[in-house]
Enquirer: 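This is the structure, below, for whatever I ask next.
Every number for a ligand or one of its atoms is a count from 1 in the order of the listing.
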Amino acid sequence: MSEMKSTSFLESVDLCFNQAAEAMDLPKGLARQIRTCNAICEMKFGVELEGGYEIFTGWRATHSEHALPAKGGIRYAPFADQQEVEALAALMTYKCAIVNVPYAGSKGALKIDPKKYTLDELEHITRRFAQELDKRGFLGPGLNVPAPDMGTGQRMMSWIADEYQRLHPSDINARGCVTGKPVHFGGVAGRIEATGRGVQFGLQEFFRNPDDLILAKLDGSLEGKKIIVQGLGNVGFHAAKFLQQEDGAKIIAILERDGALLNEDGLDVEAVFAHKQEQGKVEGYPEAQFFEGGGELLEHPCDVLIPAAMEGVIHQENSPRIQAKVIAEAANGPVTYEADRILCEMGVFIIPDAYLNAGGVTVSYFEWLKNLSHVRFGRMDRRLAESQGQKIIEAIESGIGKKLDEDSKSKLLTGPDEINLVRSGLEDTMREAYGEIKEQFLGNEKITDRRMAAYALSIRKIAAIYESMEL
Ligand code: GLU
């Protein structure tokens with residue numbers, strides 16, 4: 001993060017919120033009620049490990065409770081702190097409202113470097129954290145539902161689910177206390193790729209809007225567009241892979257912890273990822289130029305820049321040198337408030353985090369619904385749809401007097417399985433929300449960019465809920 005950065009992540013989120021709220025006509029004090037973080041708990045707990053007792057510090061913030069459960073990831077990071085958790089929890093509130101996911105926002109973190117612990121130790125620590133969260137009312141399928149975030153993943157989510165189930169053996173919905181679980185333990189197909197998929201769907205929708213393309217000084221489709229991705233973690237990897245393999249975009253640069261790769265003809269994302277998995281770094285990947293550090297590649301000319309790692313990577317100091325036409329915020333808070341102002345002034349089209357990375361929580365919502373309904377998506381209707389498809393094929397074939405080709409047949413014969421339903425639900429969500437944000441943008445002249453429009457959209461929806469509640 002830059003030393004020139006003068007507002008914190010939390011301040012950035014609040015400033016954007018305030019700006020949007022000012023453009024709206026809200027009852028006195030309501031904006032403040034929506035913006036305020038309702039509860040934050042700092043937990044210090046001891047864990048007995050091989051080398052003795054160790055004390056860990058964790059947080060969970062419930063930003064709002066206008067809908068329940070409150071939802072949001074748990075981050076494991078050595079730099080985690082309370083303010084960051086509060087900022088991320090607020091973003092979760094706005095994110096859920098934007099994509100019409102009926103949750104309030106929450107977020108958690110544990111101050112830990114997961115790489116320094118064995119798997120057994122991590123399990124012990126995670127189970128202890130789950131106990132602490134449960135004890136304090138920050139865990140439960142109807143109350144507060146964590147999910148993976150930076151430094152956490154499927155395995156940890158299954159430990160949390162299992163621990164909760166032990167503590168509440170008669171709760172039939174216990175597994176719905178956390179999302180992002182492995183499919184064999186109550187997860188849903190497509191959750192791992194969900195945030196990256198959502199980024200792809202959001203960008204596809206942007207390219208379906210010619211008037212937005214004009215604002216961004218772009219034309220055409222994603223095919224052949226030059227994209228730079230910062231961070232090849234779960235989100236960055238999946239977004240880059242889908243955009244390259246399915247939309248024909250060129251991923252010309254990938255920035256990672258050790259440095260950056262550049263190839264103007266396009267990198268093979270899966271090959272770079274495999275190299276990184278094997279070597280623990282991108283350096284040494286053969287078909288690219290390597291830049292040590294590599295931060296300067298954020299400023300390299302491209303059509304779309306996708307920051308997909310940390311908050312605050314685009315700041316006051318480097319933002320004037322950014323040459324991307326679009327910034328697609330796959331990470332939470334990658335652009336600081338000051339940088340956002342500078343970039344908007346420069347005419348860069350920013351697709352904001354609170355919308356663009358909402359694919360994760362959207363598919364979490366599907367997982368939670370699956371947990372509460374205790375049935376896999378597609379289980380009841382798949383065969384029925386297939387037999388209807390068969391009847392349609394027969395009717396067409398008898399009508400046209402010849403056999404259909406195998407490809408058309410197999411399309412008509414495929415009933416909805418879980419992964420297809422999840423992808424369809426996610427695509428619908430991202431397309432609908434894009435349109436709703438755009439409507440806000442076009443419908444209020446005080447709203448000058450998509451971030452402000454996204455915030456205004458969420459404020460409008462949350463305000464309506466508060467106005468129906470007794471406070
Ligand atoms: N950690 C993800 C996010 O920041 C997902 C949250 C969730 O699925 O609840 O959006």
Enquirer: Using distance alone, determine whether Met92 and ligand 1 share an N or O pair under 3.5 Å.
Expert: no
Enquirer: Of all the non-hydrogen atoms in the protein, which one sits nearest to atom 3 (C) of ligand 1, and at what distance?
Expert: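 Nearest protein contact, heavy atoms only, for atom 3 (C) of ligand 1 is Lys95 NZ, 3.4 Å.
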Enquirer: Numbering the atoms of ligand 1 from 1, which are under 4.0 Å from a heavy atom of Gly73?
Expert: 1 (N), 6 (C)
Enquirer: Quick test: of every protein heavy atom, which one is nearest to atom 1 (N) of ligand 1, and how far off is it to 0.1 Å?
Expert: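 Heavy-atom neighbour on the protein nearest atom 1 (N) of ligand 1: Asp149 OD1, 2.7 Å.
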Enquirer: Once you restrict to heavy atoms under 4.0 Å, what part of Pro146 touches ligand 1? Side chain, backbone, both or neither.
Expert: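 Neither; no heavy atom under 4.0 Å.
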Enquirer: Does this structure show an ion pair linking Lys241 with Glu270, if we count only N-O contacts that are shorter than 4.0 Å?
Expert: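 Result for this pair is yes, salt bridge flagged.
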Enquirer: For the residue pair Tyr103 and Trp368, categorise the inter-ring angle as parallel (less than 30°), tilted (30 to 60°) or perpendicular (more than 60°).
Expert: perpendicular
Enquirer: Among all the protein's non-hydrogen atoms, which is closest to atom 7 (C) of ligand 1, and how far away is it?
Expert: Ala147 CB, 3.3 Å
Enquirer: Might you work through the side-chain contact (heavy atoms from CB on, under 4.5 Å) test for Asp14 and Tyr337, ending with a clear yes or no?
Expert: CA-CA 10 Å; Asp14 283 348; Tyr337 179 74; over 6 Å; no
Enquirer: Just which atoms of ligand 1 are under 4.0 Å from any heavy atom in Gly360?
Expert: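 Counting from 1, the qualifying ligand atoms are 8 (O).
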Enquirer: Could you identify the single nearest non-hydrogen protein atom to atom 8 (O) of ligand 1 and state the distance to 0.1 Å?
Expert: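 For this ligand atom, the closest protein heavy atom is Ser364 OG, 2.6 Å.
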Enquirer: Checking Lys111 against Trp59 for the side-chain contact (heavy atoms from CB on, under 4.5 Å) test, could you report, in this order, the C-alpha distance in whole Å, the side-chain angles of both residues, the deciding distance, and whether it holds?
Expert: CA-CA 9 Å; Lys111 202 174 180 65; Trp59 298 268; 4.2 Å; yes
Enquirer: Report yes or no: does Met150 have a heavy atom closer than 4.0 Å to ligand 1?
Expert: no
Enquirer: Less than 4.5 Å apart, any side-chain heavy atom of Leu133 and any of Arg136?
Expert: no
Enquirer: Is there at least one pair of N or O atoms, one from Asn357 and one from ligand 1, spaced under 3.5 Å apart?
Expert: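 No; the residue has no nitrogen or oxygen that sits under 3.5 Å from a nitrogen or oxygen of the ligand.
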Enquirer: Which ligand 1 atoms, with their elements, are less than 4.0 angstrom from a heavy-atom of Lys107?
Expert: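 Counting atoms of ligand 1 from 1, those under 4.0 Å from Lys107 are 1 (N), 3 (C), 4 (O).
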Enquirer: Specify the protein heavy atom at minimum distance from atom 9 (O) of ligand 1: its residue, its atom name, and the distance to 0.1 Å.
Expert: Lys71 NZ, 2.8 Å
Enquirer: Hydrogens and angles aside, do Thr179 and Arg191 bring a side-chain donor and acceptor to less than 3.5 Å of each other?
Expert: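 Side chains of Thr179 and Arg191: no pair found under 3.5 Å.
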Enquirer: Under 4.0 Å from ligand 1, counting heavy atoms only, is it the side chain of Val363, its backbone, both or neither?
Expert: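 Neither part.
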Enquirer: Taking the basic N atoms (NZ, or NE/NH1/NH2) and the acidic carboxylate oxygens, is any pair closer than 4.0 Å for Glu123 and Arg155?
Expert: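 No.
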Enquirer: Report the nearest protein non-hydrogen atom to atom 5 (C) of ligand 1: residue, atom name, distance rounded to 0.1 Å.
Expert: Arg191 NH2, 3.6 Å
Enquirer: Using a strict 4.0 Å cut-off to heavy atoms of Gly72, name the atoms of ligand 1 that fall inside it.
Expert: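 By the 4.0 Å cutoff, the relevant atoms are 9 (O).
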Enquirer: Can we say Lys107 and Asp149 salt-bridge, meaning some charged N sits less than 4.0 Å from an Asp/Glu carboxylate O?
Expert: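 A salt bridge is present here (some side-chain N lies under 4.0 Å from a carboxylate O).
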Enquirer: Which of the numbered atoms in ligand 1 are below 4.0 angstrom from a heavy atom of Asn332?
Expert: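 Numbered from 1, ligand 1 contributes 4 (O).
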Enquirer: Please tell me if the side chains of Val326 and Ile351 come closer than 4.5 Å, counting only heavy atoms from C-beta onward.
Expert: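 Of all side-chain heavy-atom pairs linking Ile351 with Val326, at least one is under 4.5 Å.
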Enquirer: Do Tyr76 and Pro148 come within less than 4.5 Å of each other through their side chains, counting heavy atoms only?
Expert: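 The answer is no; the side chains never approach within 4.5 Å.
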